[in-house]
Amino acid sequence: LRALQLNPQILLLDEPTASLDSDTTHQVEYLIDQWMTASPDRACLWTSHDPQQIQRVTHRQIRLPGSHL
């Protein structure tokens, strides 16, 4: 939330919901989605070990060699 208050153009998110419960995770995903759709010039790089989350929150994925996801 603090990062969004600064109105950045790019977010780099390293497992931002890793320690959150399911309901709070979905709230964060919704918040980031709203932030992204509010301006076409914004970008977000989101890392996660949760393949279902990656499918929910991204339009494009990059998988690193040796990844099991």
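- Within the 4.5 Å cutoff, side-chain heavy atoms of Gln53 are placed close to those of Trp46.
- In this structure, the side chains of Asp14 and Leu45 stay at 4.5 Å or more apart for every pair of heavy atoms.
- Atoms CD1 and SG, on Ile32 and Cys44 in that order, are 6.0 Å from each other to the nearest 0.5 Å.
- Between Leu11 and Leu4 the shortest side-chain heavy-atom distance falls below 4.5 Å.
- Across Pro8 and Ala3, no two heavy atoms sit closer than the pair CD-O, 3.1 Å.
- Under the 4.5 Å side-chain criterion, counting only non-hydrogen atoms from C-beta, Val28 is not in contact with Leu31.
- Of the N and O atoms on the side chains of Thr24 and Gln27, not one donor lies less than 3.5 Å from an acceptor on the other residue.
- In this structure, Leu20 is not a member of the same hydrophobic cluster as Tyr30, with clusters built from ILVMFWY side-chain heavy atoms closer than 4.5 Å.
- Here the side chain of Ser48 pairs no donor or acceptor atom with the backbone of Ile54 at under 3.5 angstrom.
- Rounded to the nearest 0.5 angstrom, Gln9 CD and Arg42 CZ are separated by 6.5 Å.
- Atom-to-atom distance recorded for Glu29:CD and Leu13:CG is 11.0 Å, nearest 0.5 angstrom.
- Taking CZ from Arg2 and CD from Gln5, the interatomic distance works out to 8.5 Å, rounded to the nearest 0.5 Å.
- Thr25 has its side chain within reach of Arg56: a pair of non-hydrogen atoms, C-beta onward, lies under 4.5 Å apart.
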